[in-house]
Structures are given as structure tokens and as C-alpha cells.
2 protein chains.
Amino acid sequence: MKRGDMDGIRFFQDFYPDALAQCYGCGRLNEHGLHVRSRWEGNESVCIFEPRPYHTAVPGFVYGGLIASLVDCHSTGTASAAAFRAEGRELGTDPPRRFVTASLHVDYLKPTPMGVPLLLRSTVEEVRPRKVVVVTTVLAGTVEVARGRVVAVLMPDSFLPAAP
Amino acid sequence: MKRGDMDGIRFFQDFYPDALAQCYGCGRLNEHGLHVRSRWEGNESVCIFEPRPYHTAVPGFVYGGLIASLVDCHSTGTASAAAFRAEGRELGTDPPRRFVTASLHVDYLKPTPMGVPLLLRSTVEEVRPRKVVVVTTVLAGTVEVARGRVVAVLMPDSFLPAAP
């Protein structure tokens, strides 16, 4: 499945303010980046990503650091969306709720084959105003290849770019 | 400090067999990759990495997924070197000892500023024939910005490319 805004879908990351959309993992404005995109599917959030041929570990298998990066950005995106949900607000309304990673844990269960789109499927374990915990399973086809757990915290003001 | 083989230093990853040197994070033969390089400094292993301008999280700060990738590859490299040490063998002798990541944990302590080379400094917490645990601190200048812990396991035969 091609990622993008097919079917008019808008992803969590499409609502990040421009100044916060530069991330290598998920920023729509980072031309070198991975462009991780996440959306709700009921109470779960999902992300599909097709590793590029050079995202290899040993030939034929996907690089674990890429999987960690996908878990990271998909989880902070999910944290943001969960915060909006908890506040009963639509994505993109003010004020923004952008989260950063306090801790990232990934268990690699099986070698991840190249050439298969990866599906990340996450549940929100905890939502507080300044802290969200997201648990993720990573699937290659029907095979669970990794599990992730991210503790995301509301972005500190020191991260925000100074006004121009 | 420029990375590479200045001063004739050879890094752990320089000794990986060609077939196992394709990794996006640390493979010397991956032209798109990060080229993580690690070496001993006494009983610690160290790695210096300069994030590229596009390895950003929000402007001015380094992408956490990059830090996770550095911790990952530096730790599996350290695991390999620790296995050779434990066997009393020189790097590059047969058989190779290449490790993969079973679990990766990173705690992000502070925002990591761009424009400063990152130093990873690791200790080997446990060495067994098929399992090595590596604990890492990540420094930006003198500031500890992250801590990592990797459980690395000896690469399963299923990862090895079939003979041509």
C-alpha cells in the first residue's frame, strides 16, 4: 500500500506546525527523512513503512535502528494524537501538543525480512497531560518481528524555536 | 575530530567480513549508511559521530532515532570485540563473531544539541558465548544526553548469506 494522502487521509504528522515538522523520522518538511506517518484505526494507531533497499542489516534483513526510529516517531505521533483526543480537541487546533521521547525500548523478536511493508500497530497505555506511554507491535506481513514501548513527554519549551 | 582511519586506527567494524559489512548503521560497504565506527579505549569502547544537518528532531536538536541507531551499532560492534577478547583472539581471525540486537533501550536525558560531535562510551556488563550486554553513555561535549543498554546475541546462522 502506498503511503501518502491517498483517500484523503491526513496523518497525525500532517498537523504538526511547520516549525515542528523538520524531524528526520517524521517531519514532512525534512527532505532527507523517513516521513513516518501515523493514523488512528479505532483505538489503535497504525503506520505503514516500506524500508528502502539500503536500510539493511545483513543482506535480506531490515536494519534494527530503522525499526527503532519508526517506533520512536510513530509513538510520539501517537502520543500527540492521544493528547488531543484526551482533551476532546481536533488535531491541528491550538495549542499544539508535540511530544518527545523520554525512553525507547525495542525487543527484536525475529529477523525482519526486506521487501515487505512493515506495519506498526500501537495502543496507548497511559495518557497524562505531560506523559503518554505507547506500546507497539511491528509486523512484517503476519509475523510479529519486534515490540516497542515508548514513554513520551510533552515537548519542553526549550525545544521550541525562538520567534523569528 | 575526523573519523576514519587517521593515525592508522582500525575500528571494530573494519574487521567485519564483507558479507556482514552492509549494515545501514555500521557497514563500511553501505554507501548510504551512517558508518558507525568503534574502538577500545582501555576497558571501554568509544565511538565518535557527527550528526549531519538533516539528522534533526526539531531545529537545533539531534534526532533521537539517530541516537538509538548509534547506540545499537556501537553496542553490537562492542559485543563482537568483547567476544574476541574473551576468546583471547585478535579481531579479524576466524571464525567471525557478529552480534545482533535482541533488545535496545535508550533513556533520553536531555535535548541533544546539533553541531557538537557525539561521544559514545560503553562498558561491557556481561559476556557469554552467545550473549553480551553493553551499557552506553552518550555525551555531547561534557553533557550526558542519553544512556543506552543493549542485549546483543550471536548472529543466528539464518542471517548469514548463502554461499554464492
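Letters A, B, ... mirror the listed sequences (proteins, then strands); counts begin at 1. Keep in mind that this is a model prediction, so the values were computed, not measured.
Hydrophobic clustering (side-chain heavy atoms under 4.5 Å, transitive across Ile, Leu, Val, Met, Phe, Trp, Tyr) groups Leu34(A) together with Val71(B). No single ILVMFWY cluster, assembled from side-chain heavy atoms under 4.5 Å apart, contains both Val150(B) and Val127(B). No single ILVMFWY cluster, assembled from side-chain heavy atoms under 4.5 Å apart, contains both Val62(A) and Val116(A). Taken together through direct or relayed side-chain contacts under 4.5 Å among Ile, Leu, Val, Met, Phe, Trp and Tyr, Phe11(B) and Phe99(B) form parts of separate hydrophobic clusters. Note on Ile48(A): it does not cluster hydrophobically with Phe12(A), by side-chain heavy-atom contacts below 4.5 Å among ILVMFWY residues.
Proximity to chain B involves both the backbone and the side chain of Asp107(A), based on heavy atoms less than 4.5 angstrom apart. At a 4.5 Å heavy-atom cutoff, the contact between Tyr54(A) and chain B is made by backbone and side-chain atoms alike.
Taken to the nearest 0.5 Å, the OH atom of Tyr24(A) stands 8.5 Å off from the CZ atom of Arg52(B). From Thr101(A), atom OG1 reaches atom CD1 of Ile67(B) across 10.0 Å, with rounding to the nearest 0.5 Å.
Most heavy-atom pairs under 4.5 Å with chain B: of the set Asp72(A), Val106(A), Leu109(A), this distinction falls to Val106(A). If you tally non-hydrogen atom pairs under 4.5 Å between each of His55(A), Glu31(A), Arg147(A), Arg149(A) and chain B, the highest count goes to His55(A). Note on Gly65(B), Ala102(B), Ala146(B): by heavy-atom pairs under 4.5 Å with chain A, the leading option is Ala102(B). Heavy-atom pairs under 4.5 Å with chain B were tallied for Gly148(A), Gly64(A), Gly25(A); the largest tally goes to Gly25(A).
Annotation: Arg89(B), atom CZ; neighbour count of heavy atoms from other residues, nucleotides and ligands within 6.0 Å is above 12.
In this structure a side-chain-to-backbone donor-acceptor pair under 3.5 Å is present from Tyr63(A) to Ser69(B).
Contact check for Leu104(A) versus Tyr108(B): side-chain heavy atoms found under the 4.5 Å cut-off. Within the 4.5 Å cutoff, side-chain heavy atoms of Val58(B) are placed close to those of Met155(A).
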